[in-house]
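Worksheet for the structure shown next.
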Amino acid sequence: MDIRVRFAPSPTGYLHVGGLRTALYNYLFAKHHNGKIILRIEDTDRTRLVEGATENLISSLAWAGIEFDEGPHVGGSFGPYIQSQRFAIYKEYCNQLIDNNSAYYAFDTSEELDEMRQRQQKAGIPPRYDRSIMKNQYTIGANNTKELLEANTPYVIRLRVPLENDIIFNDAIRGEVKVRGRDVDDQILLKSDGFPTYHLANVIDDHLMQISHVIRGEEWLPSTPKHVLLYRAFNWDAPQFAHLPLLLNKDKSKLSKRQGDVAVEDYIAKGYFKEAIVNFISLLGWNPTADREIFSIDELIKMFSLEKVNKAGAIFDLTKLNWVNSQYLRTKSMDDLADFLIPFLEKRNFNYINREYLKRVIDLIKERIDLVTELPDFAPYMFEKPKEFDQDFLAKHWKESTKEVLELYLEELRKLDDFSHPSLHNFTEQFISERNLKLRDVVHPLRIMITGRGVGAGMFETMEVLGKEECIERIESFLKMEGK
RNA sequence: GACUCCAUCGACUAAAGGUUAGGUCACAAGCCUUUCACGCUUGCAAUAGGGGUUCGAAUCCCCUUGGAGUCACCA
């Protein structure tokens, strides 16, 4: 069997990280089996369309490195891949269901349906369409149905669920799932505007597009029996289902916007590496059984298997994502990091001096940050003179004699030609040993004078990058200020 | 409420009936040291509870509890 999977988002805005994971698992599965992955846009709800959402989805997916074999942006022989362009197909197939009595016409207004649900709720029974008493082709008879249809009365088409039978299907992740027919609602398949619902469209498209595995979020599990019934009604083989565990908030509810960023573009904007996001998200709900945490996309593809996907939901924990990102930060070249960071800096009009200088600063700082984009805030002093000085650090390390010592140090420093960090180190060691001082008596004050801060990279490395002239200016200006 | 799914350290997870229940993040301590980090070492920390099955259960079965998802002319 050819492996064909699909990612089928609805274009209602941005790509959710949960959606990215679903797309990723589909991608890993397809690539692992040398199969195809298809992008299909599920836009059957015209009330929820968002301008530009499809382009947005595609660009976020592309950012993550997920390339589709077929889809609205790349074509393919099973198109169109946008459901709104396939409406005629759905209607035609839906008529087949009417003909073989798997579906039926219903004429209830939404008020009548509301009323029915309220009644049921009051009576303490689950709200479900009651086809024995509502207004449909069974209760009003064939002739009346025909008349209403001819009079262009608004109607919907509902799935006729066999009440007596159990619906059993196999899920690759959860095993056998069994639901009683009487617990399944007579789902609307074709809305009164003539558009299909998700349930109808997805079954028809998955069949026509020859999808072998439906890998989607667990939120679809409860409606899968309806889909199984539809495959049966069409006399089609159902694909293999695999329902992925959900991504969760800290409180274990389904990952939502209220509790943090959920849009992939938010993480892009913050400066996460795509490798880190892909690596991290892949390991939320699946693990290749190795005592490792960092995997390239090729390794993920090689190791992926649906059987090893977990059943329980996974909390989306930023702390570990940051760590994963920091691991990638360590391994990238300065050129790559500069290429990555410069657009971010330019966007905020940050003066990074020049590319070569920036590379040296990144090299200096990268072990102290998780995201490259933290660099300008972590070490603004590498790009302009400090305006503020950490008072706590100052109070702790600036002693009575410090000013005098540093004035002497400054005079000696002026004479130093080699401003490399080993040279600075030697020079300073010599300076302190001649005066019976500790290294910290000089280094800490230097740090505050030159950077304004109490934390940072090695002091001599920092000075080397800043350069002699700049360091001397900063020390002079601080001592002058201190003298006032 | 009904239906369905789920349950290993705080978090992500490993262990596919036989392990002192392992790793990673986080946290804590120590080492290193020039601040903060990195790195290294160590520590803390889990099979929800109860019954079975079995020589043997985190693992299989049942019950309880807990959590989640879904119950639209949304997807």
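Note on naming: letters A, B, ... go to the chains in the order of the sequence lines (proteins, then strands), and numbering restarts at 1 for each one.
- Side-chain nitrogen and oxygen atoms of A:Asn287 include none within less than 4.0 Å of the OP1 or OP2 phosphate oxygen of B:C12.
- Proximity note for A:Pro222 (side chain, C-beta onward) versus B:U70, B:C73, B:A11: the nearest is B:U70.
- Counting atom types as modelled, A:Lys178 pairs no side-chain N or O with a base atom of B:U4 as donor and acceptor under 3.5 Å.
- Using a 4.0 Å cut-off, some side-chain N or O of A:Lys191 falls inside it from OP1 or OP2 of B:C74.
- Nucleotides B:U53 and B:G1, compared at atom P, are 34 Å apart to the nearest Å.
- For A:Lys178 and A:Glu176, the salt-bridge test fails: no basic side-chain N is under 4.0 Å from an acidic carboxylate O.
- Rounded to a whole angstrom, the distance from the P atom of B:C9 to that of B:G22 is 14 Å.
- OP1 or OP2 of B:A72 sits under 4.0 Å from a side-chain N or O of A:Arg117.
- The CG-C1' distance, from A:Leu255 to B:G67, rounds to 16 Å in whole Å.
- Rounded to whole Å, the separation between the C1' atoms of B:A21 and B:U59 comes to 12 Å.
- Note that A:Arg368 lies outside the cation-pi zone of A:Phe378, set by a 6.0 Å cut-off to the ring centre and a 45° limit from the axis.
- Nucleotides B:C36 and B:C27 place their P atoms 15 Å apart, quoted to the nearest Å.
- At B:A75, one or more side-chain N or O atoms of A:Thr44 fall inside 4.0 Å of OP1 or OP2 (strictly under the cut-off).
- A close approach under 4.0 Å does not occur between any side-chain nitrogen or oxygen of A:Asn310 and OP1 or OP2 of B:A7.
- Ionic pairing of A:Arg360 and A:Glu464 is present here: one or more N-O contacts between side-chain nitrogen and carboxylate oxygen are shorter than 4.0 angstrom.
- Contact check, A:Arg158 against B:C73: a side-chain N or O comes under 4.0 Å of OP1 or OP2.
- Regarding contacts with the backbone of B:C71, every side-chain N or O of A:Lys226 stays at 4.0 angstrom or more from both OP1 and OP2.
- Computed from coordinates, the A:Arg180 CZ to B:C71 C1' distance equals 15 Å when rounded to whole Å.
- Counting atom types as modelled, A:Arg48 pairs a side-chain N or O with a base atom of B:C74 as donor and acceptor under 3.5 Å.
- Side chains of A:Tyr90 and A:Asp205: a donor on one and an acceptor on the other come within 3.5 Å.
- Among the nucleotides B:U34, B:C36, B:A15, the one closest to any side-chain atom of A:Arg368 is B:C36.
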